Structure formats: C-alpha cells, structure tokens
Amino acid sequence: MIAMVDCNSFYASCEQVFRPDLWGKPVVVLSNNDGCIIAANKEAKAMTHIAMFEPMFKIKAQLIKNKVTFFSSNYTLYGEMSQRVMNILETFSPNVEVYSIDEAFIDVTGIVHTSLKQYATLIKDTIVTHTGVPVGVGIAPTKVLAKLANKISKKVEKFNYVCVIDTDEKRIKALKWAQTKDVWGLGKKHQARLKNIGVFTAYEFTQLPLAWVRKEMTVVGERLWRELRGESCIEFQTMPKSKKAIGTSKSFGKKLEDLPRIEEACAYYISEVAEVLRAQKSCATYIQVYVTTNRYSNADKQYSNSCTITIPVPTNNTFILTQHARKALQRIYTPGYRYKKVGVNLTGLIPQQYVQGNLFQSPALYDKRLMNVIDALNHKFGKATVGSALVGTRVEQWELVKKDRSNRYTTQWGELLELKNK
DNA sequence: TCTGGGGTCCTAGGACCC
DNA sequence: TCTGGGGTCCTAGGACCC
C-alpha cells in the first residue's frame, strides 16, 4: 500500500503559520514579479472563485474588496518548510519518495499499524502539530489511486483529510465519484478527447478497451488505466534521480532593450544553474540560451530565438559556462525589440567523474577549488555574494518584483518572528 | 502597464551507420 | 526492371505534472 501526503494550499499555509492573525482568513500567493496567482487557501477560493494562474491585474480589485491578503512568493521559506514536512514523513517509513515541494509518496507496506485509517490520521496530525502546515493523506494500492484517495480526502468533507482505498468496493466507488479531471495524468487534452467519446468519469475510463487507450493515449495512458484498476505499474522512487536538464528563466521586472542588461541577467542565471549542477556533481555538454519578447503585448514587435552551443569539454565551471552563454546570447540578440525574458538550459548532463577530454584539452584543466570556495562563500553569506563580474551590480534593473514578500522567518537571523508582550 | 517557472516522459521523423 | 533489413542517435513537439 502507498500513502500520498499532500499539503493543503502549501504556499498559503506556510505564510499563515507565521501570521496567526490570518488564521481562517483568505490568503493568496503570487508568482514571480507578482504576475499571477499560484496558491490560494480554501477561504480565498470560496470567496472569490479565483482560478489558479489568473493574472493579478485582472482580479486585484476583487481581492482588495474581499479583504484577501496577498503575498509575493517566498521560496526560501517554502523550501525550508517543505524540508521540515519531509523530515517528519521519514520518521514514518524508510521509503519516502519526495514528489514535489509539497507532496510525497510513502511506502507503507509492512508498516505495523492497527488500521490504515488510524495510521493516516496519525501522519496528518503529526505534521500539523509539528509544522503548522495542514495536509491530506490518501492510502491505496497504487500511486494513481493514492493520488485519487488524497483528492477525495480533501474534496469530500466527511473524509476530513484522510481517505483509504483498501477494498475493491471502495475503489469502484472512488472511480465513479471521480471526473476525468480528478485523475492524476489526465490533462486538458485527454479530458476533451474522452468527453468526445462519452467518457466523463474515471470509472468509464477504466471500462474502455485497453487497445483504444494504448493507441490514442500511448503507454502513458495505458499505465493510468492499469493503475486505476489496481495494477501497480509506476515505480516507487526513493532515491531522487539526478536531473537530466537544469534550466532557469525569469521574466524581467521591466522590459529590456539593450544587450548589456540582458547579458547581466543571463550571467546571473548561469551562476544559479551552475551551482545546482555542481551540487549534483554533474557537468553539462550543451548550453542553450533563449530570449523572447512579451507575447501578450500587441503593441510590441514580437521576436524569440534560441541558440545551443556544444561545450568542447563538458564542464560545471561557472566562468566557462558564462563565456559560452554570452557567445550564444550575442548570436541571437537583435536590437530594436523590448525583451521580456532570457533563459538558459544546461543539458547533456553527465557525472563529473566521466568527463572526457579531447586531443587538445584535458578535462582537469580547470581548478575545482575556486568553484568550491565560491559555493561555500555564497552558502555562508547569502546568494550571489561572490561571482562573475559580468553579473554586474545593477541587479535591480532586471531583478524580479517582489513587493509583498513575507520575512524569511526560518533562514535569516534578521527576519525572525517577533513576539510582543501586550 | 501588469499574464510563472521548473521539470518529466513519450513519439515521430530525419539523418546516419553497417 | 528489379532497389534490404537491422539498427542508433538526435531533435522537435506534444502532453502532462506541481
């Protein structure tokens, strides 16, 4: 049996932990640049019918009218709170698969317990007691069914955030309850196609001939079909696999026209991804840089382009990566446009001990010690304390807008929660 | 004026090899 | 006139996830 634990509107919950005055009140969290909604708690959803990813400018007035509190995103805080939740889960089972920042699968096979329901309730209560973050727990024989159980635990009130599917009868009941949109892995496109052939519930989906599912929805669809019928075919992954690609791209706080500012942003993103690359002890073979204008803007001329460069000897050295990225950027940069975004991608990642030199260049040409020192300094004194001069010092010209960010309560001495004596 | 960012997996098709 | 059969590797694009 597999348990799926998923935090309730995680980002909003993290904010509320440190703001008791907001308990029971509507809260939303905004994306980078405060562009759109990425999390909303129950109260905010009930009050305003907001959809996720709704652009902020469309609903700001409505939020203010309804006294909804909004926060810029504070990933430092959410990342650290996530770590706390995951640490607790690991006390419940040695086999925990962290699936995303706010959810995890737990292998509960062989765990000694009186009943699965009591066990799930214990997990739920422990997490909220120790971290303040509320969660839902679903337990079922396969991952897809556990996801479904989790959804039911939250959406059907009488379950009160705990749902166990451990008999065939309960499984069928759950499948008949679930619309296709409630199934993990059935996205918009598949939902529409299933609707066309008269399939609306998860149960109806499982009654389709396997051959049709395989042909129309590939092996991915077949796995869903089997998992929903109780046959486990998505592997449990306790050890996180190393990443196959590492990239970053962020919209600028304001639009940029000149190459130098874009180069600075690009160099900064390289320093970010290179650090992630070194942390997983890999080197990159290819580097891709892309730029784009604002596709929503009718007033602006549109342009987007990308350039991929093969690095002669794969590396994770920030300075070498920066040089290549700069070359790539210069190839695609065209004057006369208002750029909204630059992005970088590192691919062809290989373990650093397998890097092969070539006839002209040895893989050991660059000293790793410098990178180690840079990583250590930035870890100790904060992000971007030292780095490439190309990043410049005018970060504010392209940096993200985060107007309403809360304190980084758990990672910065200067931003600790203060208690006042009334 | 303002519309996120970071990923994975799968397939088809092209280019190439012997 | 007849024009093989078995592969690999890479990329782009689609679909999905949170």
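Note that the coordinates shown come from a computational prediction; the quantities given were computed from them, not determined experimentally. Chain letters run A, B, ... following the sequence lines, proteins first, then strands; residues in each count from 1. Basis for what follows: all heavy atoms, side chains included, without hydrogens, waters or symmetry-related copies.
At least one donor-acceptor pair under 3.5 Å links the side chain of A:Asn150 to the backbone N or O of A:Gly136. Of the possible polar contacts, one joining the A:Asn33 side chain to the A:Ser251 backbone as a donor-acceptor pair under 3.5 Å is found.
Here the P atom of nucleotide C:dC9 and the OH atom of A:Tyr286 are 12 Å apart, to the nearest Å. Nucleotide B:dC10 holds its P atom 10 Å from the CD1 atom of A:Ile234, rounded to whole Å. Atom pair A:Tyr75:OH and B:dG7:C1' shows a separation of 13 Å (rounding to whole Å applied). In this entry the distance linking CD of A:Glu97 with C1' of B:dT8 reads 12 Å, nearest Å. Rounded to an integer number of Å, the gap from A:Glu235 CD to B:dC9 P is 11 Å. Counting to the nearest Å, the P atom of B:dG4 and the OH atom of A:Tyr78 are 17 Å from each other. Summarising the geometry, the separation between CD1 on A:Ile350 and P on C:dC9 is reported as 15 Å, rounded to the nearest angstrom. Taking atom NZ of A:Lys215 as the reference point, atom P of B:dT11 lies 14 Å away to the nearest angstrom.
Side-chain nitrogen and oxygen atoms of A:Ser251 include at least one within less than 4.0 Å of the OP1 or OP2 phosphate oxygen of B:dG5. A sub-4.0 Å separation between OP1 or OP2 of B:dG5 and a side-chain N or O of A:Thr248 is absent. In terms of phosphate contacts, A:Asn294 brings a side-chain nitrogen or oxygen within less than 4.0 Å of OP1 or OP2 of B:dT3. Between A:Lys243 and the phosphate of B:dT8, there is no side-chain N or O to OP1/OP2 separation shorter than 4.0 Å.
Base-pairing analysis of DNA chain C finds the following stems of at least three consecutive Watson-Crick or G-U pairs, with both pairing distances under 3.5 Å: B:5-18 with C:5-18.
Side-chain contact check for A:Glu15 and A:Tyr78: at least one donor-acceptor pair (N or O, by modelled atom type) lies under 3.5 Å. A side-chain N or O of A:Ser406 and one of A:Asn74 form a donor-acceptor pair less than 3.5 Å apart. Counted by atom type alone, A:Thr109 and A:Asp107 present one or more donor-acceptor pairs between their side chains at under 3.5 Å.
The side chain of A:Arg223 lies closest to B:dC9, out of B:dG5, B:dC9, B:dT3.
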Sugar-phosphate atoms are those with a prime plus P, OP1 and OP2; base atoms are the rest. Using that split, label each nucleotide of nucleotides 12-18 of chain C B, S or - for protein heavy atoms under 4.0 Å, 5' to 3'. ---SSSS
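The aromatic ring centres of A:Tyr339 and A:Tyr333 sit less than 6.0 Å apart.
If you find the closest nucleotide of DNA chain B to A:Ile38 and to A:Asn345, the one lying nearer the 5' end belongs to A:Ile38. Map A:Lys340 and A:Ala245 each onto its nearest nucleotide of DNA chain B; the residue landing nearer the 5' end is A:Lys340.
Across all strands, A:Lys244 comes closer than 4.0 Å only to sugar-phosphate atoms, never to a base (heavy-atom distances).
Using a 4.0 Å cut-off between charged nitrogen and carboxylate oxygen, A:Glu415 and A:Arg405 count as a salt-bridge pair. Under a 4.0 Å N-O distance rule, the pair A:Arg278/A:Glu275 does not qualify as a salt bridge. A salt bridge is absent between A:Arg408 and A:Glu80; no separation between the charged side-chain nitrogens and carboxylate oxygens falls under 4.0 Å.
If you take atom C1' in B:dC17 and the same atom in C:dG4, they sit 14 Å apart, rounded to whole Å.
Atom NZ of A:Lys117 has 12 or fewer neighbouring heavy atoms from other residues, nucleotides or ligands inside a 6.0 Å radius.
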